[in-house]
J.: 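Attaching a single structure in structure tokens format; questions to follow.
Just so we're on the same page: letters track the sequence lines, and every chain starts at 1. Just the heavy atoms: all of them, side chains too, but no hydrogens, waters or symmetry mates, feed the values below.
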There are 2 protein chains.
Amino acid sequence: MRSRPTMSDIARIVGVHVSTVSRALDPKTCHLISPDVVAKIGEVAQKLGFRPNAAGASLRTNRSRTIGIVVPDITDPVFPPMIRGVEDVLSERGYAVVLANTDGDEGRESEIVSSMLARSVDGLALASSRFEDKLIPRIGDVPVVTVFRETKKPVAPCVIFDERAGIRHALTHLVSLGHRRIANIAGPRTISTGYTRWEAFEATRRELRLPLDKRLMVFADGFNEQEGARCAEALLARTSDFTAILCANDRLAVGVIDVLRRYGLRCPEDVSVTGFNDMPYADRFVPALTTVRVQQYKAGREAARLLIEAIEGGAARRTRPLRIVLPVELVVRASTGVAAVKGKTRRGIAAAR
Amino acid sequence: MRSRPTMSDIARIVGVHVSTVSRALDPKTCHLISPDVVAKIGEVAQKLGFRPNAAGASLRTNRSRTIGIVVPDITDPVFPPMIRGVEDVLSERGYAVVLANTDGDEGRESEIVSSMLARSVDGLALASSRFEDKLIPRIGDVPVVTVFRETKKPVAPCVIFDERAGIRHALTHLVSLGHRRIANIAGPRTISTGYTRWEAFEATRRELRLPLDKRLMVFADGFNEQEGARCAEALLARTSDFTAILCANDRLAVGVIDVLRRYGLRCPEDVSVTGFNDMPYADRFVPALTTVRVQQYKAGREAARLLIEAIEGGAARRTRPLRIVLPVELVVRASTGVAAVKGKTRRGIAAAR
DNA sequence: TTGTAAGCGTTATCAG
DNA sequence: CTGATAACGCTTACAA
């Protein structure tokens with residue numbers, strides 16, 4: 001197959017100048033050209049299967065109709081729906097999406113962003129930012145949105161979830177089942193979700209006048225099953241005096257439930273467990289996970305909308321960037337139940353040792 | 001922040017010509033330049049945070065260090081590990097990945113590919129191809145690889161799994177548990193996996209001298225839970241004379257198990273079910289799914305390797321494209337058990353009516 | 001309404 | 001070893 005036709009090819013065939021072709025093919029300028037010429041050009045373009053060369057346009061305009069999405073790891077099930085949301089909105093508008101994984105590495109994130117800027121991305125959706133972000137201010141004038149996460153200083157618009165409400169719902173739910181001694185397996189506080197969910201747990205704990213016991217508090221170094229398991233082990237090594245565990249996300253909860261089972265503790269009969277995110281298939285796990293449902297797909301769409309607005313709506317830089325907080329919803333399933341009699345849990349744990 | 005520095009900026013500062021800068025910065029040509037000039041240029045580039053403008057290079061070379069990945073739907077859990085595999089290999093080599101979803105729509109796929117070609121992608125990884133593909137031959141001289149799927153006519157290299165072995169293992173496993181009347185919920189035959197798994201089921205069925213009963217055969221229109229449920233309903237409406245269902249993938253199996261439960265049938269006590277893919281978390285479902293494990297991540301890596309080879313290794317067009325078949329492995333879990341007494345299953349189904 | 005011309009940043013070819 | 005120059009395909013003042 002020959003190499004793709006260019007505007008000059010069309011110009012030559014129709015017998016006009018390239019610039020005329022350019023104008024005729026651009027909806028914004030085609031009204032400047034006589035209708036019949038526009039029609040003719042459109043026709044020929046169609047017949048040749050013409051597609052404007054993106055590099056040429058990009059070089060000239062310094063825009064690429066491409067946006068970058070940066071996630072820690074696409075295999076974490078919370079991200080695909082979000083990415084899909086971004087893609088759905090953007091592809092409709094003719095934007096392409098370039099995707100990269102950071103594995104939570106700050107250096108890598110910086111490297112990736114830099115390479116995306118070199119590709120003249122028109123915007124960036126970052127799901128990889130740390131709470132104390134140092135990267136975004138260095139990005140310059142390319143629109144940036146953070147998704148799922150926010151930064152301590154509001155340096156960019158963000159689309160996040162109502163973490164506080166989610167944690168409050170989960171904790172209140174546990175208390176309503178009679179739980180009083182509730183452990184918290186929190187996420188890394190270097191990430192806004194980890195930080196905020198932990199903070200919300202503490203705030204709600206005080207509100208509900210639950211006892212403070214430092215042994216019931218464990219911090220994970222990441223939002224995954226391994227860390228959930230590690231933290232559960234650490235918790236059980238310290239104390240057995242609890243009847244429920246609130247986890248900062250579903251994957252931690254899954255790891256926790258594994259360890260409970262290994263210790264001969266039943267969930268929810270001996271220990272109730274809650275997660276966060278309502279990740280895909282959380283309703284089919286054993287036990288089905290009680291968790292906080294967030295709108296991952298919608299977050300992606302909103303992020304894309306924000307980006308397009310910033311890109312096309314003349315970057316009306318606000319003094320304080322937008323902060324879109326999506327509502328959440330508690331989903332009660334099988335991993336939570338009425339509080340076990342304290343003695344029973346203790347015995348269960350002791351027996352497992 | 002000022003706009004990114006260009007080679008001219010560096011040239012001006014160092015006091016050389018742009019072309020010298022270009023050569024000095026390219027590992028392939030920097031030996032042509034005196035070491036001290038190279039050093040000087042490197043230094044300045046470093047200090048300015050120089051990144052070559054991708055559009056400029058792309059326009060000139062007609063290559064973009066970008067490859068496109070096209071999947072039906074990134075929220076289907078089989079794809080993220082594959083995408084991650086591609087990304088890992090390519091990012092190491094300085095390639096970026098642009099991603100798009102087709103939802104299985106042929107027109108959309110064609111549209112996406114065309115838009116990617118306009119972006120001068122250096123290669124395409126297609127996980128969206130139909131068995132009777134009409135698109136790939138029209139792509140021209142951009143390297144293409146299909147992943148997870150192959151085309152009837154070998155028009156492009158592919159990285160696939162040993163579907164036949166997988167189905168044979170699953171069916172043999174069921175027979176070894178005493179099952180004889182085994183239903184098959186097959187995938188769409190418009191897709192190579194659907195076609196091949198169905199064919200393999202039939203071949204193995206004959207080998208094992210299992211009875212042929214058309215009522216036990218249902219074709220899904222897609223690889224998802226809804227279709228699994230629909231097919232299970234259709235199957236139960238026809239007959240209750242089976243003790244196991246082999247499904248063409250895990251998501252179908254999940255939908256099937258839902259319906260069985262709704263009909264008061266226990267899995268595996270009344271009906272055994274197998275899936276295919278060993279999708280993430282398949283080990284945590286109720287019941288944990290017996291399935292065929294495939295190497296999604298590895299497939300992605302292999303596809304990327306193939307693409308790089310084709311792109312950089314001078315497109316040595318083979319007469320017959322490579323066909324990489326990755327081995328699979330049966331994973332026996334809780335969704336399969338010894339065959340129920342026939343009468344019992346019948347009663348169970350009858351009772352549920 | 002259309003043509004002219006310049007230039008975006010890079011690389012390849014050709015001279016020196 | 002380095003410089004000059006042209007060209008990739010497109011957009012956009014400006015001129016006609």
J.: Roughly how far apart are B:Glu132 CD and B:Thr190 OG1, rounded to 0.5 Å?
T.: 9.5 Å

J.: Would you say the side-chain atoms of A:Arg149 pair up with the backbone N or O of A:Ser129, donor to acceptor, closer than 3.5 Å?
T.: yes

J.: In this structure, which one of B:Leu135, B:Leu126, B:Val147, B:Val144 forms a side chain to side chain contact (heavy atoms under 4.5 Å, CB included) with B:Val70?
T.: B:Leu126

J.: Out of D:dA4, D:dC8, C:dT10, which has the shortest distance to the side chain of B:Leu59?
T.: D:dC8

J.: Between P on C:dG9 and CZ on A:Arg119, what's the gap in Å once rounded to a whole number?
T.: 17 Å

J.: Between B:Glu111 and B:Arg108, does any side-chain N to carboxylate O distance fall below 4.0 Å?
T.: no

J.: Taking the nucleotide of DNA chain C with the nearest heavy atom to each, does A:Val18 or A:Pro35 sit closer to the 5' end?
T.: A:Pro35

J.: Rounding to an integer number of Å, can you tell me how far A:Arg4 CZ sits from D:dC10 P?
T.: 10 Å

J.: Side chain of A:Ser19 only, please: which of D:dT2, D:dC10, C:dT4 is the nearest?
T.: C:dT4

J.: Is a donor on one side and an acceptor on the other found under 3.5 Å between the side chain of A:Ser115 and the backbone of A:Val113?
T.: no

J.: Phosphate oxygens OP1/OP2 of D:dT2: is one of them under 4.0 Å from a side-chain N or O of B:Ser34?
T.: yes

J.: What's the CD1-P distance between A:Ile10 and D:dG9, to the nearest Å?
T.: 13 Å

J.: Rounded to whole Å, please give me the gap between NZ in B:Lys40 and P in D:dT2.
T.: 14 Å

J.: So, is A:Thr20 near the phosphate of C:dG3, with a side-chain N or O under 4.0 Å from OP1 or OP2?
T.: yes

J.: Which nucleotide in the list D:dG3, D:dG9, C:dT4 gets nearest to the side chain of A:Thr6?
T.: D:dG9

J.: Round to the nearest Å and state the distance from A:Asn62 atom CG to D:dC10 atom C1'.
T.: 13 Å

J.: Using whole Å, what does the distance between atom P of nucleotide D:dC1 and atom CZ of B:Arg23 come to?
T.: 12 Å

J.: In whole Å, I'd like the distance from the NE2 atom of A:His17 to the P atom of D:dA15.
T.: 16 Å

J.: Just the rounded figure in Å: distance from C1' of D:dG9 to CG of B:Asn53.
T.: 14 Å

